[in-house]
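The block underneath contains the structure these notes are about, expressed in structure tokens.
Order of appearance sets the numbers: ligands from 1, and atoms from 1 within every ligand.
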Amino acid sequence: MMMSRLSIYYRIVAMALFIIALLSFATGLIVWDSLDDIVSQQLQKRGAEIATHVALASGNYILMEDLYNLYELAAQTAASSEDVRYILIIDSNKRLLAHTFHGGIPKGLLDDMPDLTQQEISVFNSNEGVIHDIVVPIENGAVGYVRVGMTEEYTRNTINQHIRDVLLTVLVICVLAVFLSSRISALITKPIRNLAEVAESITRGNLVIRANIRERGEVGKLATAFNEMAASLIQASADKEVLVGELLAKEQMRDTLIAKLMTAQEDERKRISRELHDETSQALTSLMLTMRVLAEDAPNQEQKDALLLGRDVAANILREVRDLAIELRPPALDDLGLVAAIERYSEKFAIRHGLNIELNTSGQQTSVDGQIAVALYRIVQESLNNVVKHSGATTVSINITFLPDQIMVTIADNGRGISDSDLIRAQKENRLGLYGMRERVELLQGRLDIRQSLYGGAELSIAIPQYRPRKGESS
Ligand SMILES: Nc1ncnc2c1ncn2[C@@H]1O[C@H](COP(=O)(O)OP(=O)(O)O)[C@@H](O)[C@H]1O
Ligand SMILES: [Mg+2]
């Protein structure tokens, strides 16, 4: 896990170091182990030779109890070899005749020596290190024994010296290995590092940069793939720009189209409304007048009743035509302004649908740009229709707020509210009421929010900036 955080360079160096250290440790262990065995064997072999030599030479001295020569023999033999720690010459009664210790005999060394007929070797630890004790009987023990103590210390020192040399060499090799592997890994990782730099540069948005392709193998293939990728990125981003441009142009066209459609629709409604008011209403009025005159001059009651009935029918039609004309384009919107038009509409709406509608205004009331006034009026109309159609509300509160830099209209009801799933379903079913409101508002740089009202139902909130009439226009 640690490894994955290191760069390739350090990974290679660390790997080389690890392998060399492992190898030298293993070699050291094997050498140490085999040397240990050899040291013991060699030491015991020489000990046995020395003991045998002393045994052969001491037989007669023991028999003659020539202690001086026994001592000389032991001392000279011991002096001739650095490995010999002590030599003991013992007679058949286990009496110590000669020894090479300058002080006293170490405690316990002469304890219970068994009767031996053959050479015997034992190994024990002393305060001077490991001692190999070799006992050689003289004439099968009938004359006595020679004991030689061989110390490992001298050989060990020599071996340790050698091991120190080996360790030093390993150290030098390790340093060399680090140097070499760092050179090698720098060589191996250089093209990869170059590629990484190119990749970073591309990520930062520099798409014209290209990787150097000098290598042949995998790195070369990688570099080629990189360059192709950068080239296709350039192509893709160019394609994307063209697409975005087209999309923006289409969006603009769509906005223009919607704006034109709305204006055309309003103009058409206005025209029909005026036609109904001016032409149709006038015609109906004169028809009613004519019928009344005719009724007054009717020759009999039957004809008079028929004419009066006809006149009543015409009067009903006239009322409906007037309502229709107002519905199509309320003259109040043009004559009295937005607030009055909404007030009239909501009063009628409340009566028609048995709703309780409260209208409040706040802020300094001023005239509103014609297009914005029409949009807000239509939105209030659609919202009130939605309340009746979907909410089951009993009360609606309409607030119109005039601020210096924006006009806000909220329509809040106490119905069941609009959930996200309602909106998703409406979109799937291509219902355009709310969608159309939002489009209208966004065309006027405003925003429309749908949230929960204080009364628990739905609240639509519309804010439109710069709502005052532009110069040369009045509303
Ligand atoms: N005041 C409201 N209260 C509850 N639900 C509403 C309200 N207004 C709109 N909705 C929900 O939002 C949906 C979308 O409304 P709209 O876009 O006007 O489409 P439509 O009126 O044709 O269904 C409606 O179908 C209805 O589920
Ligand atoms: Mg609707």
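With ligand atoms numbered from 1 in the order given, ligand 1 contributes 18 (O) to contacts under 4.0 Å with heavy atoms of Glu382. The Lys389 neighbourhood of ligand 1 comprises atoms 20 (P), 21 (O), 22 (O), with distances under 4.0 Å to a heavy atom of that residue. Interface atoms of ligand 1 facing Asp422, defined by a heavy-atom separation under 4.0 Å, are 27 (O).
Atom 19 (O) of ligand 1 has its closest protein heavy atom at Arg431 CB, 3.4 Å. In terms of protein heavy atoms, atom 3 (N) of ligand 1 is closest to Ser391 CB, 3.3 Å. Taking atom 6 (C) of ligand 1 as the reference point, the nearest protein heavy-atom neighbour is Ile418 CG1, 3.4 Å. Considering only non-hydrogen protein atoms, atom 14 (C) of ligand 1 sits nearest to Ala426 CB, 3.4 Å. Of the protein's heavy atoms, Gly417 O, 3.3 Å lies nearest to atom 4 (C) of ligand 1. Of all protein heavy atoms, the one closest to atom 18 (O) of ligand 1 is Asn386 ND2, 2.9 Å. Annotation: atom 1 (N) of ligand 1 to nearest protein heavy atom, Asp413 OD2, 3.0 Å.
Interatomic distance, Leu448 CG to Leu434 CG, rounded to the nearest 0.5 Å: 7.5 Å. Here OG1 of Thr285 is found 5.0 Å from CG of Leu318. Values are rounded to the nearest 0.5 Å.
Pairs engaging residues 427-440 under the salt bridge (Lys or Arg N to Asp or Glu O under 4.0 Å) rule: Arg254-Glu439, Glu266-Arg440, Glu429-Arg431 [sequence neighbours left out].
Of the possible polar contacts, none joining the Ser281 side chain to the Asp278 backbone as a donor-acceptor pair under 3.5 Å is found. Put simply, the side chain of Tyr154 never gets that close to the backbone of Val84: no donor and acceptor are under 3.5 Å apart. Judged purely by atom type and a 3.5 angstrom limit, Thr256 uses its side chain to pair as donor or acceptor with the backbone of Gln252. Within the 3.5 Å criterion, the main-chain N or O of His390 finds a donor-acceptor partner in the side chain of Arg416. Remark: side-chain polar atoms of Asp422 are paired, donor with acceptor, to backbone N or O of Ser419 under 3.5 angstrom. Listed for the Asp413 side chain is no donor-acceptor partner under 3.5 Å among the backbone atoms of Gly457.
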What donor-acceptor contacts under 3.5 angstrom involve side-chain atoms of residues 287-296, with partners at least two apart or in another chain?
| residue | atom | partner | partner atom | Å |
| --- | --- | --- | --- | --- |
| Thr290 | OG1 | Ser286 | O | 2.6 |

Let me check something: any side-chain donor-acceptor pairs from residues 353-361 under 3.5 Å, sequence neighbours excluded? List them with distances.
| residue | atom | partner | partner atom | Å |
| --- | --- | --- | --- | --- |
| Thr361 | OG1 | Gln365 | NE2 | 3.3 |

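For the pair His390 and ligand 1, the shortest N or O to N or O distance falls below 3.5 Å. Where the criterion is an N or O separation shorter than 3.5 Å, residue side chain and backbone included, Gly433 meets it with respect to ligand 1. Here's the thing with Leu434: one of its N/O atoms is less than 3.5 angstrom from an N/O atom of ligand 1.
Taking a 4.0 Å cut-off on heavy atoms, Gly415 fails to register as neighbouring ligand 1. For the pair Glu429 and ligand 1, no heavy-atom separation below 4.0 Å is found.
Within 6.0 Å of atom CZ in Arg210, more than 12 heavy atoms from other residues, nucleotides or ligands are found, so the atom counts as buried in its surroundings. Counting heavy-atom neighbours within 6.0 Å of Glu153 CD, excluding the residue itself, gives a total of 12 or less.
Listing protein N, O or S atoms at distances below 2.8 Å from the Mg ion (ligand 2), with waters left out, gives Glu382 OE2, Asn386 OD1.
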